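Only one structure is covered here, and it is reproduced in the block below.
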Amino acid sequence: QVQLVESGGGLVQPGGSLRLSCAASGIIFNIYTMGWYRQAPGKQRELVAAIASSGSTDWADSVKGRFTISRDNAKNTVYLQMNNLKPEDTAVYFCSARRRFLPNPDYWGQGTQVTASS
């Protein structure tokens with residue numbers, strides 16, 4: 001069974017940092033582009049960052065220079081390092097797995113809450 005399990009969310013003050021992890025199982029990890037999306041109440045789900053097996057990345061403009069996405073293929077895990085968190089980063093963050101050349105993710109994690117608030 002395919003599972004994407006996120007961890008690492010929590011409550012931090014603006015300017016703080018968190019690192020999210022997503023452990024994948026049941027997929028051939030190296031053929032999937034892994035991504036992080038987020039969704040705040042009343043807003044659409046949006047792409048935060050994605051990384052292919054080659055290391056190529058894609059980013060939302062709002063997080064460039066603050067967030068870093070990485071993957072460890074040996075551990076079937078993708079990470080999102082979030083620095084200088086802002087209140088507008090508050091959302092549920094979802095891990096995704098998408099086959100190359102397809103427009104939409106095949107699989108989603110259940111989400112982890114990130115709250116940046118004073």
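Computed from a predicted model, the values in this text were never measured in an experiment.
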## Note on the structure
Taking every heavy atom of Ala97 against every heavy atom of Ile27, the minimum-distance pair comes out as CB-CD1, 4.1 Å
### Task
For Gln113, enumerate each residue passing the side-chain hydrogen bond (donor to acceptor under 3.5 Å, both in side chains) test, keeping only those at least two apart in sequence or located in another chain.
Thr115
### Message
Do Val114 and Leu18 have side chains that approach each other closer than 4.5 Å (heavy atoms only, starting at C-beta)?
### Response
yes
#### Entry: Test item: Glu6 and Trp36 side chains (from C-beta on) under 4.5 Å apart, heavy atoms
yes
### Task
Please name the pair of heavy atoms, one in Phe29 and one in Asn76, separated by the smallest distance, quoted to 0.1 Å.
CB-OD1, 3.4 Å
### Query
Have Asp72 and Thr77 got a donor and an acceptor in their side chains that come within less than 3.5 Å?
no
### Task
Flag the pair Gln110 / Val5 as yes when at least one side-chain heavy-atom distance between them is below 4.5 Å, and no otherwise.
yes
### Query
Between Leu20 and Leu47, is there a shared hydrophobic cluster once you connect ILVMFWY residues whose side-chain heavy atoms come closer than 4.5 Å?
no
#### Entry: Flag side-chain contact, heavy atom, 4.5 Å: Arg38 against Phe94
no
### Message
Tell me whether Leu102 shares a hydrophobic cluster with Tyr32, the cluster being built from Ile, Leu, Val, Met, Phe, Trp, Tyr side chains joined at under 4.5 Å.
### Response
no
#### Entry: Test log, rule side chain to side chain contact (heavy atoms under 4.5 Å, CB included), inputs Trp59 and Ile51
CA-CA 9 Å; Trp59 304 88; Ile51 183 167; over 6 Å; no
### Message
To the closest 0.5 Å, what do you measure between CD1 (Ile31) and OG (Ser53)?
### Response
8.5 Å
## Note on the structure
Minimal heavy-atom distance between Leu80 and Ala49, with the atoms involved, is CD1-CB, 4.3 Å
### Query
Under 6.0 Å from the six-membered ring centre of Trp108 and within 45° of its axis: does the NZ or CZ of Arg45 meet both?
yes
### Query
Same cluster or not: are Tyr79 and Ile69 linked, directly or through other Ile, Leu, Val, Met, Phe, Trp or Tyr residues, by side-chain heavy atoms under 4.5 angstrom apart?
no
### Task
I would like to know whether Ser17 and Asn83 meet side-chain hydrogen bond (donor to acceptor under 3.5 Å, both in side chains); could you show each step before the answer?
CA-CA 4 Å; Ser17 297; Asn83 298 324; 2.9 Å; yes
### Message
With clusters defined by side-chain heavy atoms of hydrophobic residues (ILVMFWY) lying less than 4.5 Å apart, directly or transitively, does Tyr107 cluster with Val78?
### Response
yes
### Task
State which residues pass salt bridge (Lys or Arg N to Asp or Glu O under 4.0 Å) with Lys43; sequence neighbours excluded, sorted by chain then number.
none
### Query
What residues form a side-chain contact (heavy atoms from CB on, under 4.5 Å) with Ser25, not counting sequence neighbours?
Gln3
### Query
With distance as the sole test, does Thr90 use its side chain to make a donor-acceptor pair with the main-chain N or O of Ala116 at under 3.5 Å?
yes
### Query
Looking at side-chain heavy atoms only, is the closest gap between Tyr37 and Pro105 below 4.5 Å?
yes
### Query
Do Leu4 and Met34 touch side chain to side chain, with heavy atoms closer than 4.5 Å?
yes
### Task
Kindly give the heavy-atom pair with the smallest separation between Asn30 and Arg71, and that separation in Å.
CA-NH2, 4.3 Å
### Message
For Arg99, give me all partners under salt bridge (Lys or Arg N to Asp or Glu O under 4.0 Å), at least two apart in sequence or on another chain.
### Response
Asp106
### Query
Is there a side-chain contact between Asp89 and Arg66, using heavy atoms and a 4.5 Å cut-off?
yes
### Query
Around atom CD of Gln44, are there more than 12 heavy atoms of other residues, nucleotides or ligands at under 6.0 Å?
no
### Message
List the residues meeting side-chain contact (heavy atoms from CB on, under 4.5 Å) with Thr33, not counting sequence neighbours, and say none if there are none.
### Response
Ala50, Ala52, Arg98, Arg100
### Pairs flagged by disulfide bond (SG atoms under 2.5 Å apart) wherever residues 6-45 is involved - sequence neighbours left out
Cys22-Cys95
